[in-house]
Amino acid sequence: DPGSLPVGVPTEAEYVRRYCQIRNVEYPVKTWSFYVGLGMFRAASILAGVFHRSTLGNASNPLADQLGPLVDVIAQEALRLVRGPPLLPPLPAPGQGVFSSPEGSKQLRQRVLTFLQTRILPLEPDFIRHQQSPDRWTVLPALEKLKAEARELGLWNLWLPAGLRASLLQGGAVPGELLGPGLSNLEYAPLCEVMGMSLYAPEVFNCSAPDTGNMEVLARYGTSSQQAQWLRPLLEGRIRSCFAMTEPAIASSDATNIESRIADNGDGSLTLQGKKWWTSGAMDPRCKVVIFMGKSDPSGPVHRQQTMVLVPMDTPGVKVIRALTVFGYDDAPHGHAEVHFNDVKVPAGNILLGEGRGFEIAQGRLGPGRLHHCMRAVGMAERAMDMMRERGSQRMAFGQAILKHGALAQQFAEARIAIQQARLMVLNAAHQLDMHGNKKARAVIAMAKVVAPRSALSVLDLAIQVHGGAGVCQDFQLAGFYAGARTLRLADGPDEVHLRDIARIEMKQISRL
């Protein structure tokens, strides 16, 4: 059963297909069943010889006399394979490409999509009305109900990668039922794309930022007590979290600029001082902990000056100053806040990984998180295509459907090309991350981070154009999608930083000519 294989272990078909690619052999190999059968006949012959020696009393293994019955079983099975249908499946159908998912992942994607279509999308109007009401900073009970349903169906914490799941199981601080199916980044990508089709879907499956990134930090770098106190309730969906890194007074795209301070009081406690903004999630009444990044050793090596500390949101001195808007959206009840830390005292045991390891944690956190944003951006664009197709085929202008006008039809086709390009780049980055880790996949992740929001923005812009005035009003999700996608060109590193990294890596490459 291919679905029972550990993540990262190729199926028989995947292994043979890769071999054929390297050896320039046509796939599927028409004689594959014959060669498998031949191998089994050889094994049966060897076992027959071992059994025969046991009858002569010169077998080297005392169990050799039990091999006789296996010879006929293996030979008969080999004959069945040779005479039977081909063992290897055909190549993926057009549109699936080289990144087709295992059957189990496809089924999981379909379950997520069905839940989105039948449970989340019908409630979107209610969610939108709540966000525009005086009660928008309160949690909507209907959303909490959906989360309970998703968890009951096993559609919960789907983001958690297999390796991290295994280490948490071994650690014992978190029970296995909270740890999701343990997907690879490549397997999770199609699911995350589906979640991107609604601004509300990621939270329903406990797969929303910044919680996923914070949970990954706690899972990778947290102590057992930190995991028990904060990771478990986050995985349960009982609380939410935020990440305080960006500062209003400096160019935060360069993390070494951070001015917030962490002072060791010498008595087992720390004092935190600083002003942060764009601390997403801090407005949420369920937000109970913030990961604070500041300088603990300003005179140390550049990338060893920063430390990350866990800070309960109700700690004296933590003050949420105001909600920031994104093109007028306040994204309630989640929100994006300016937060001041005035003489905030916490135990030194709240440090993550160790003093001076903050920059290291940040780099590890941002790789998968950036890809999750990219996956959701592709989902936004795909939803926009659906909306555009429906609107553009039904609305008439100058005697024909809007999308049948030549200029728009061409742009509609180019939108499909843009989505497919972005999707393949994101899938490749996810695959490279799985195979080689964050550091070696840095360039392709940066490329995906640049391409995905740009592609989504181009598709969303066209969808808004096709919708006319409706495209920029509150009756549709397009304006909210556009605000989110445009912000993504700044979040987790602006385009310019990623382009700079790509250029630096490319300049180091050895000529391929």
Side-chain angles (χ1 to χ4, degrees), residues 159 161 164 185 209-223 226 230-231 234 241-262 270 272 274-282 289-298 300-311 336 339 341 346 350-374 429 433 437-446 448-450 487-502 504-505:
W159 62 273
L164 208 52
N185 286 290
D211 290 332
T212 52
N214 292 341
M215 285 189 278
E216 182 161 3
V217 166
L218 284 163
R220 290 192 185 280
Y221 310 115
T223 64
Q226 290 170 346
W230 301 117
L231 178 58
L234 282 167
S241 62
C242 57
F243 187 75
M245 180 174 174
T246 305
E247 298 181 3
I250 51 117
S252 298
S253 56
D254 180 356
T256 63
N257 284 338
I258 285 175
E259 294 180 343
S260 294
R261 293 291 186 263
I262 301 172
L270 307 170
L272 282 51
K275 295 180 179 180
K276 303 285 187 177
W277 71 344
W278 295 109
T279 307
S280 298
V289 64
V290 53
I291 297 180
F292 175 91
M293 184 167 176
K295 284 187 177 178
S296 55
D297 182 11
V302 174
H303 296 108
R304 296 280 295 182
Q305 299 177 2
Q306 303 84 7
T307 297
M308 286 194 186
V309 182
L310 293 164
V311 183
H336 314 278
V339 185
F341 296 79
V346 295
N350 287 20
I351 290 178
L352 283 162
L353 189 59
E355 187 176 344
R357 308 288 293 276
F359 194 87
E360 177 185 343
I361 296 173
Q363 294 307 302
R365 179 186 190 273
L366 290 175
R370 284 169 176 154
L371 270 189
H372 295 174
H373 281 310
C374 295
L433 182 60
N438 190 26
K439 188 173 182 179
K440 289 188 177 180
R442 182 178 176 184
V444 289
I445 293 173
K449 177 60 171 63
V450 171
T487 306
L488 190 52
R489 291 189 59 198
L490 300 170
D492 284 355
D495 288 2
E496 290 74 16
V497 170
H498 296 301
L499 292 168
R500 171 176 168 270
D501 287 345
I502 294 167
R504 284 183 168 183
I505 293 169

Worked verdict on Glu216 versus Leu164 for side-chain contact (heavy atoms from CB on, under 4.5 Å) = CA-CA 8 Å; Glu216 182 161 3; Leu164 208 52; 3.8 Å; yes
Taking it one step at a time, do Val217 and Ile291 satisfy side-chain contact (heavy atoms from CB on, under 4.5 Å)?
-> CA-CA 9 Å; Val217 166; Ile291 297 180; 4.1 Å; yes
Kindly determine whether Thr256 and Gln306 satisfy side-chain contact (heavy atoms from CB on, under 4.5 Å), including the steps that lead there.
-> CA-CA 8 Å; Thr256 63; Gln306 303 84 7; 4.2 Å; yes
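For the pair Gln305 (side chain) and Lys295 (backbone), a donor-acceptor distance under 3.5 Å is absent. At least one donor-acceptor pair closer than 3.5 Å links the side chain of Gln226 to the backbone N or O of Thr223.
When side chains are defined from C-beta on, Glu247 does not count as touching Trp277, because their heavy atoms never get closer than 4.5 Å. Within the 4.5 Å cutoff, no side-chain heavy atoms of Ile502 are placed close to those of Arg442. Annotation: side chain of Lys276 is in contact with side chain of Phe341 (closest heavy-atom distance under 4.5 Å). Side-chain contact between Met215 and Leu231 is present, with at least one heavy-atom pair separated by less than 4.5 Å. When side chains are defined from C-beta on, Arg357 does not count as touching Thr307, because their heavy atoms never get closer than 4.5 Å. A heavy-atom distance below 4.5 Å is found between the side chains of Met293 and Ile258. In this structure, Trp230 and Ser241 have side chains that are not in contact, with every pair of non-hydrogen atoms separated by 4.5 Å or more. Considering only heavy atoms from C-beta on, Asp492 comes within 4.5 Å of His373 through its side chain.
Taken to the nearest 0.5 Å, the CZ atom of Phe359 stands 4.0 Å off from the NE2 atom of His303. Separation of atoms CE (Met308) and CZ (Phe292) is listed at 11.0 Å; rounding is to 0.5 Å. One finds the CG atom of Asn257 at 11.5 Å from the OG1 atom of Thr246 (value rounded to the nearest 0.5 Å). Interatomic distance, CG of Leu352 versus CZ of Arg220, reported as 13.5 Å (0.5 Å rounding). In this structure, Lys449 NZ and Leu499 CG are separated by 10.0 Å, a value rounded to the nearest 0.5 Å. Separating the CZ atom in Arg370 from the CG atom in Asn438 is a distance of 8.0 Å, to the nearest 0.5 Å.
Among all heavy-atom pairs drawn from Ala443 and Ile505, the shortest one is CB-CD1, 3.7 Å. Heavy-atom minimum distance, Ser260 versus Lys275: OG-N, 3.9 Å. Here the shortest heavy-atom pairing between Glu259 and Ala249 reads OE1-CB, 4.2 Å. Between Ser280 and Cys242, the shortest heavy-atom distance links the atoms O-CB, 3.2 Å. Heavy-atom minimum distance, Gly356 versus Ser296: N-OG, 4.1 Å.
Taking a cutoff of 4.0 Å between a charged side-chain nitrogen and a carboxylate oxygen, Glu496 and Arg500 do not qualify as a salt bridge. A salt bridge links Arg489 with Asp495: the distance from a Lys NZ or Arg NE/NH1/NH2 to an Asp or Glu carboxylate oxygen falls below 4.0 Å.
Partner of Leu310 under the side-chain contact (heavy atoms from CB on, under 4.5 Å) criterion, chosen from Ile351, Leu218, Val290, Val346: Leu218.
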